[in-house]
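Below: the structure, in structure tokens.
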Amino acid sequence: MSKRWTPKAIATEAKLLLIGIPVVLWTLIPVYHMVLFAISPRDSATSGHLWPTHPTLQNFAIVFGQKHFYLTHFWQQLWNSLLIAVTVGVLTLFVATTAAFAISRLRVRGGRTVMNMALFTYFIPAAFLAVPMYKTMGNYGLLNSQWSLILAMVTIASPYCIWVLKQASDKLPYELDEAARMDGASPLQLFRLVYLPLMVPSLVAVGTYALLLAWNEYLFAFLLLSKDTSVTLAVALGNFLSADDSPWELLMTTGLIYALPPAAIYYTFKRYMVGGLTAGAVKS
């Protein structure tokens, strides 16, 4: 059945277009400029042309070949970013899943209070926590260790992930738990055989959220890591701005490469992200 175009429907579509087109352009223009710089020779990167006269992939060859002073440890730093992000995602997923299960399904005493107190930390800007986190890691001898950044990011990501999983868990019928207990299931079996399979969309969503949060982190990575061979690529990109004559074409090329993995991860799990992060938002 074809859609009937009434004046009201046309006005609604027009409003959506008036809002949507500027938002799309505002989002895509920075990406377009990154691509423009990445395929432009150094002498024409800032020429102001809408498209380079002589497009080139030489910038990518320089980056991949680590043929610039700022790119000496490119592959190592990219690996650091990947390793830290995946580790944060896995650890956050473990902490959030077990905590949400204990609070929502086992209903441990004081669990909701602990969760609410953890969420209260989000009222404090992350930048204000940087110095206390730095001092804490120093007291435990973890400075300049990648574990310092991993633990810091797990600490930051876990409260929100626990809340999301707890809200999604509350929507599961509690009769499933009672039936499993009647069949002799232990709490661990209940967690493994009933809870985890039903929570897959939300688990993928919060795991992806934590991974991307760690991948894009700059402030804590800058403070807690200092060695060129241990920092993430996000921090290494800041080195390009330390010179008066920065190689903008290499900076944008490296930034474009760095942006591809999270974009691929997001679009791969987009369906789970939308469904998982909104699970429990409206309770019946």
Side-chain angles (χ1 to χ4, degrees), residues 19-89 146 149 153 208-271 273-274:
I19 297 174
I21 291 176
V23 170
V24 171
L25 291 177
W26 183 263
T27 304
L28 293 181
I29 285 177
V31 178
Y32 163 74
H33 279 288
M34 288 182 67
V35 175
L36 186 65
F37 272 85
I39 61 175
S40 298
R42 179 176 177 79
D43 56 354
S44 62
T46 57
S47 62
H49 295 152
L50 293 178
W51 192 254
T53 306
H54 302 289
T56 179
L57 297 178
Q58 182 63 28
N59 295 326
F60 289 91
I62 295 174
V63 174
F64 291 143
Q66 304 181 134
K67 298 177 181 178
H68 191 276
F69 174 76
Y70 294 134
L71 298 167
T72 304
H73 305 288
F74 168 77
W75 289 109
Q76 179 64 51
Q77 291 161 351
L78 183 62
W79 168 251
N80 293 340
S81 296
L82 180 62
L83 178 63
I84 291 172
V86 172
T87 305
V88 169
Q146 292 180 351
L149 179 58
M153 296 313 301
T208 304
Y209 162 79
L211 187 151
L212 295 180
L213 184 69
W215 181 270
N216 294 317
E217 177 59 31
Y218 176 84
L219 176 60
F220 285 91
F222 176 78
L223 287 176
L224 300 175
L225 302 175
S226 60
K227 295 180 181 178
D228 289 339
T229 54
S230 64
V231 300
T232 62
L233 191 56
V235 175
L237 286 173
N239 294 332
F240 282 88
L241 303 178
S242 61
D244 295 332
D245 186 20
S246 299
W248 290 99
E249 72 286 354
L250 297 181
L251 171 60
M252 294 301 174
T253 303
T254 310
L256 182 62
I257 295 170
Y258 191 64
L260 292 179
I265 292 172
Y266 173 78
Y267 283 105
T268 300
F269 299 111
K270 181 173 64 174
R271 178 166 60 93
M273 289 287 290
V274 174

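Only this structure's heavy atoms are used, side chains among them; waters, hydrogens and symmetry mates stay out. Quick caveat, the model's predicted, so the values are computed rather than measured.
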First locate atom [atom1] of [X], then atom [atom2] of [Y], and finally report the distance between them rounded to the nearest 0.5 Å.
| X | Y | atom1 | atom2 | value |
| --- | --- | --- | --- | --- |
| Thr87 | Met153 | OG1 | CE | 12.5 Å |
| Leu36 | Leu256 | CG | CG | 11.5 Å |
| Glu249 | Ile62 | CD | CD1 | 7.0 Å |

Trp79: partners by ring pair (Phe, Tyr, Trp, His ring centres under 6.0 Å), with sequence neighbours left out: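 Scan of Trp79 (ring pair (Phe, Tyr, Trp, His ring centres under 6.0 Å), adjacent residues dropped) gives none.
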
Those residues that, when tested against His33, pass ring pair (Phe, Tyr, Trp, His ring centres under 6.0 Å) (two or more places apart):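 If we apply the ring pair (Phe, Tyr, Trp, His ring centres under 6.0 Å) test to His33, skipping adjacent residues, there are no hits.
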
List the residues meeting side-chain contact (heavy atoms from CB on, under 4.5 Å) with [X], not counting sequence neighbours, and say none if there are none.
| X | answer |
| --- | --- |
| Pro261 | Trp215 |
| Tyr218 | Phe222, Val235 |
| Leu251 | Leu237, Phe240, Leu241, Trp248 |
| Leu233 | Phe74, Gln77, Leu78, Ser81, Ala236, Thr254, Tyr258 |

In the structure I gave you, are the side-chain heavy atoms of [X] and [Y] within less than 4.5 Å of one another anywhere?
| X | Y | answer |
| --- | --- | --- |
| Ile257 | Phe60 | yes |
| Leu223 | Leu219 | yes |
| Leu211 | Val86 | yes |
| Leu213 | Val88 | no |

[X] versus [Y], closest heavy-atom pair with distance:
| X | Y | answer |
| --- | --- | --- |
| Ala210 | Gly89 | CB-CA, 4.1 Å |
| His73 | Gln66 | C-OE1, 3.6 Å |
| Pro262 | Leu212 | CB-CD2, 3.4 Å |
| Ala85 | Ala214 | CA-CB, 3.8 Å |
| Leu250 | His68 | CD1-CD2, 3.5 Å |
| Pro41 | Thr56 | N-CG2, 3.9 Å |

Any pair counted as side-chain hydrogen bond (donor to acceptor under 3.5 Å, both in side chains), so long as it reaches residues 220-234, sequence neighbours left out: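 For residues 220-234, and leaving out neighbouring residues, the side-chain hydrogen bond (donor to acceptor under 3.5 Å, both in side chains) pairs sorted by first residue read Asn144-Ser226.
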
For Gln76, side chain to side chain donor-acceptor pair (under 3.5 Å) partners two or more places apart: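 Testing Gln76 for side chain to side chain donor-acceptor pair (under 3.5 Å), a comparison that skips the adjacent residues, returns Asn80.
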
